[in-house]
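One structure is given below, encoded as structure tokens.
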Amino acid sequence: MNAIAPTTQAPALVIDDHPIVLQGCRRVLEDAGIDRIAEATSVVAGYRSFLRLKPATVICDLTFQGSGLAGLNLIRRMRGVNPAARILVFSMHNDPVIVSRALEAGALGYVLKDHASGELFEAFERVRAGQPYLDRRLATEVAMLRTDPKRTPETQLTPRELQILQRLAQGKSYSTIASDLSVSYKTVTNACSLMRQKLGVRTLAELIHVAVTQAQRQG
């Protein structure tokens, strides 16, 4: 993380564990006239920087190496400290369920990493001004998701995630599921982390309960 004096308020804080992304964000922010930019490459460092620097605006990823969607909890914690915090999510996840979770956690805007830098610039300017930002497609999908009374695991999960959920219902371990599906153990744990976020459950036990309930409903 770049060294900034503890007494200096950083206009912007970028929290992401990919150096190329950090460089790209810095370039966009410099184009926006931001001359003091703090950077953090982990959830812990990001939270500490937020407390110390009290940034006016935060750009935050959702996924961090080895910790799944830890960015969601980070957003909640930052908003808990400062309910007026202006947080823009910059993520690769285009799933409306995850977007909705980020907004519920307290993010003011959400922009995808595969979009042009001009959109990041626009999103940052909107969020910095205290205005929400979502591109039209994401806004439509999130709105449809929130008004759908039939939200079930089948409508929220990918085919791979459903395969894993079915095996959890059968009482299989992560390692057994990985072997069954010919994927890595890490792939299974990451998928379970994503499913917990999508289905609004906090623990593996709750996820297994959803899996069993789903299996009983189908069977």
Working to the nearest 0.5 angstrom, can you tell me the gap between [X] [atom1] and [Y] [atom2]?
X: I208; Y: L165; atom1: CD1; atom2: CG; result: 9.5 Å
X: D17; Y: L22; atom1: CG; atom2: CG; result: 8.5 Å
X: L13; Y: F50; atom1: CG; atom2: CZ; result: 8.5 Å
X: I37; Y: R26; atom1: CD1; atom2: CZ; result: 4.5 Å
X: D61; Y: T41; atom1: CG; atom2: OG1; result: 12.0 Å
X: L88; Y: T57; atom1: CG; atom2: OG1; result: 9.0 Å

Review point. Which pairs pass salt bridge (charged side-chain N to carboxylate O under 4.0 Å, His left out) with one or both residues in residues 116-133, sequence neighbours excluded?
Key: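 For residues 116-133, and leaving out neighbouring residues, the salt bridge (charged side-chain N to carboxylate O under 4.0 Å, His left out) pairs sorted by first residue read E122-R126, E125-R128.
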Less than 4.5 Å apart, side chain to side chain, heavy atoms only: is that true for [X] and [Y]?
X: F121; Y: L29; answer: no
X: V127; Y: Y110; answer: no
X: E30; Y: D35; answer: no
X: P96; Y: L138; answer: no
X: I75; Y: L62; answer: yes
X: L74; Y: C60; answer: yes
X: L181; Y: R167; answer: yes
X: C25; Y: L120; answer: yes

With the 4.5 Å side-chain cut-off for hydrophobic clustering, are [X] and [Y] part of the same group?
X: I87; Y: V44; answer: no
X: V81; Y: V89; answer: yes
X: Y185; Y: I164; answer: yes

Taking all non-hydrogen atoms of both residues into account, name the closest pair between [X] and [Y] and its distance.
X: I15; Y: G46; value: CD1-CA, 3.8 Å
X: A70; Y: V43; value: CB-CG2, 3.7 Å
X: V111; Y: A123; value: CB-CB, 4.2 Å
X: H93; Y: L194; value: CE1-CD2, 4.1 Å
X: A139; Y: L134; value: CA-CD1, 3.9 Å
X: A45; Y: S42; value: N-OG, 3.1 Å

Would [X] and [Y] count as having a side-chain donor-acceptor pair, cut-off 3.5 Å?
X: T176; Y: S173; result: yes
X: R160; Y: Q163; result: yes
X: S100; Y: E104; result: yes

Check your understanding: Can you check side chain to side chain contact (heavy atoms under 4.5 Å, CB included) on C192 and L168, steps first, answer last?
Key -> CA-CA 10 Å; C192 288; L168 286 174; 4.0 Å; yes
Check your understanding: Looking only at atom types and distance, does a side-chain atom of R101 sit under 3.5 Å from a main-chain N or O of Q197, one as donor and one as acceptor?
Key ->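 At least one qualifying donor-acceptor pair exists.
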Exercise for review: Kindly say whether T158 contributes a backbone atom to a donor-acceptor pair with the side chain of E161 at under 3.5 angstrom?
Suggested key: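 Side chain of E161 to backbone of T158, a donor-acceptor pair under 3.5 Å: yes, one is there.
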Practice item. Determine, step by step, whether D114 and M92 satisfy the side chain to side chain contact (heavy atoms under 4.5 Å, CB included) criterion, reporting the C-alpha distance in whole Å, the side-chain angles of both residues, the deciding distance to 0.1 Å, and the verdict. Key: CA-CA 7 Å; D114 61 359; M92 62 178 284; over 6 Å; no
Practice item. Please identify each residue that fulfils ring-ring contact (aromatic ring centres under 6.0 Å, His included) with Y47, with sequence neighbours left out. Key: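 Once residues adjacent in sequence are excluded, Y47 has no partner under the ring-ring contact (aromatic ring centres under 6.0 Å, His included) criterion.
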Review point. More than 12 heavy atoms of other residues, nucleotides or ligands under 6.0 Å from CZ of R137: is that the case?
Key: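 Enclosed.
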Point to revise | R76 atom CZ, neighbour heavy-atom count above 12 within 6.0 Å | key: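 Atom CZ in R76 is packed in, count exceeds 12.
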